[in-house]
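Reading through the structure tokens given below for one structure.
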Amino acid sequence: MALVPRSFSRLARLMAIALCGLFLQAGVAFAHAALNSSEPADGTVADTAPSVYVLTFSEPVSPLHLKLIRPDGTVLPLERFELKDRTVAIAAPTDLGRGTHVLSWRVTSADGHPIGGSVVFSLGATSAAPPAMGDRIDWAVRAGILLSKLALYVGLFIGVGGVFSLCWLPCSTRPGRNIVAVALGTGFLGALAAVGFQGLDALGVPLTHFVEPAVWSTAMATSFGRTGMAALVAFGVAAMALSGKGRFARVSSLAALIVSSAALSLSGHASTAEPQWLMRPAVFLHVAAIGLWVGALAPLGMALRRGDPMALRALRRFSTFIPYVLVGLVGAGVVLTIVQVEKPQALLETAYGQVFMVKMALLVGLFLLAIANRWRLTEPVVAGGRTSAKHLVRSIAAETLVVFLIFGAVSCWRFTPPPRALPALAAQAASLHIHTDKAMVLIEVLPGRMGEVDVSINVLTGESEPLAAKEVTLILSKLDSGIEPFKRIAVRRGEADWGVDRMAIPLPGLWQLRVDILINDFEKVTLSDEISIGP
Amino acid sequence: MLSKLIITAAFLGISATTAFAHSTLEVTEAHVGASYKAVIRVPHGCEGKPTLALRVQIPEGMIAAKPMPKPGWTLEKIKGAYAKSYDYFGTPMKEGVKEIVWKGGSLADDEYEEFVFRAFLTESLPVGKTLYVPLVQECPDGATERWIEVPAEGKSSDDLESPAPGIRLLEKKSGH
């Protein structure tokens, strides 16, 4: 023994003890602690924020990390806690707002094996999904969409509609040609820009990506791509009509008007609404009528201003046909409104309805002007009054201005889903299908957004036969946001249908989802995958 | 420094053997073609509630199961047909106890108890593999603690929340 240093023999003894420990350990199954209960309980909705959180485990534990995930997704580490036997009492932060919070814990017990879980609780109410598009509006892109749409409308109505009026109203010098030509050019550029902005919006990328081919190909793949193409064709044909003469000009201006009206019925939420056989023709009629009316304003106004000898004939013809156009315009508009708005109160309660009310107010102004033109000014002008003609020109200019404002209001509809579509938007479910040899589940989260949801779980065997399960448990976690798994026991709704009602999903994003199916007392199947939850 | 580390490691190892948070079997290795005495160790109830019944499923290949009566508990032996006929010391066995239930007792969450049965591990069982013996603890108000999870091929029971206790199957002992 004297040859061996003391420290070495001590080391050897220690090694032996350690090895014994390891061998003993190998002989048993690892034992993990389990959460017995929590305060607040998982899934509760409380009016006031608790001052302390208490987690009670099946055995003493030591926390590895404790954190609170707030409704906005920010993570608050909880560092003040007290251990007492099998409970962990955590000092709760005092400045919590309303909404769904997640107390996410990860602890280790005597076996050294870490386990984690989450307690989901709401203060006041379950977090509601933020209003659609929330804080992520790219204002530059939005302004671009708005302005390019406005330019497109100018081109379609003042431009193409103007060309039609120029060709069909009897004016010797085709007055207002310049205005109409500029409108056509504006529309051409607007249509191109609108397609680009549509692509930016569809991809959700900022203005700097405007020239990227992916943006344009994406836009062309949307229904608006067809609208853009048709509009460009309409502008081209209208330009030909503008430079042509006689019969050719008349026919091509009519073709341009038809194509331009078709352009707007190829996309947009009015055209895509059901019933299609009614909605698409209604949009076409509405748009064609606007083209006829608005398009005539500039040529008429300019003709009157210049004292064109044919102006009076033109004005008379306009006055004759415009009532029919208006009947078509209003009739189609009423149909579109009824389908889109559904309930009168939606006019006040939804953004779409509010835009509609603004448009209506502007329209009333426009109609008053038009009526004033017709009853007070047109007759005297036709009778030959010079002052009245001046007034009429001014009135027509004012009408055009109001028309611009209406175009602006209508462009805003691009961002407001119609009331008809709102329930459908809210009711869009997130779904997931997991298939294994032993079992298969179809999961539907409704709505597929954060906040309070109903989850339905259809349980089938690997051969797609209904599976009579004894118990179904849903487990969700979101590790990238620090949310450890939390469980909900599903309620049986039918032979193979199970559900979890009014479950709170605290954050949007990709969640890890697991379904435990208890087939009988002794057999359990576990399926897992990821599901995307919308904001 | 090194010695401190070793002592810590040793303590960790020992403490792991003492904390039985799962319901487990005392003996985790056994020879096929021999009797096996199963001692089920129940360390706690269901989320704090007392255990009112313990149910054990006798896995296929484990035959002639005989539970040990326990004072204060009623025994129930649920019999049924085996998947095939097994040779039990020359006697073909086609049916027997498939599930054992101890019930009528009450084991508080902060108490420890052991439940015993004996069975024969037939030679048809795969040597080198693990035979899982699923257990269910039943508590008041429908609460249960199910030790029934079986690891997927190549995975370990350590990763499971409620693993079924297992017996590693050893080769049959030769001679007598």
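Each chain gets a letter, A, B and so on, in the order the sequences are listed, and its residues count up from 1.
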**Q.** Presence of salt bridge, A:Glu471 and A:Arg492, under 4.0 angstrom
**A.** no
Margin query: Parallel, tilted or perpendicular: which one describes the rings of A:Trp105 and A:Phe57, with boundaries at 30° and 60°?
Written below: perpendicular
What's the verdict on side-chain hydrogen bond (donor to acceptor under 3.5 Å, both in side chains) for B:Glu145 and B:Ser23, showing C-alpha distance, side-chain angles and the deciding distance?
CA-CA 9 Å; B:Glu145 195 74 65; B:Ser23 287; over 6 Å; no
Whatever's closer than 4.5 Å to a heavy atom in chain A on B:Glu99 counts as side chain
Applying a strict 4.5 Å limit to non-hydrogen atoms, the region of B:Asp109 in contact with chain A is side chain
Of the listed B:Glu149, B:Arg55, B:Lys49, the one with the largest count of heavy-atom pairs under 4.5 Å with chain A is B:Arg55
Applying a strict 4.5 Å limit to non-hydrogen atoms, the region of B:Val56 in contact with chain A is backbone
Output for pair (A:Glu79 CD, A:Lys67 NZ), nearest 0.5 Å, gives 11.5 Å
Bottom line for B:Gln57: the part with an atom under 4.5 Å from chain A's heavy atoms is both
Turns out that what part of A:Leu518 lies under 4.5 Å from chain B's heavy atoms comes down to side chain
Report yes or no: do A:Ser58 and A:Asn36 form a side-chain donor-acceptor pair below 3.5 Å? no
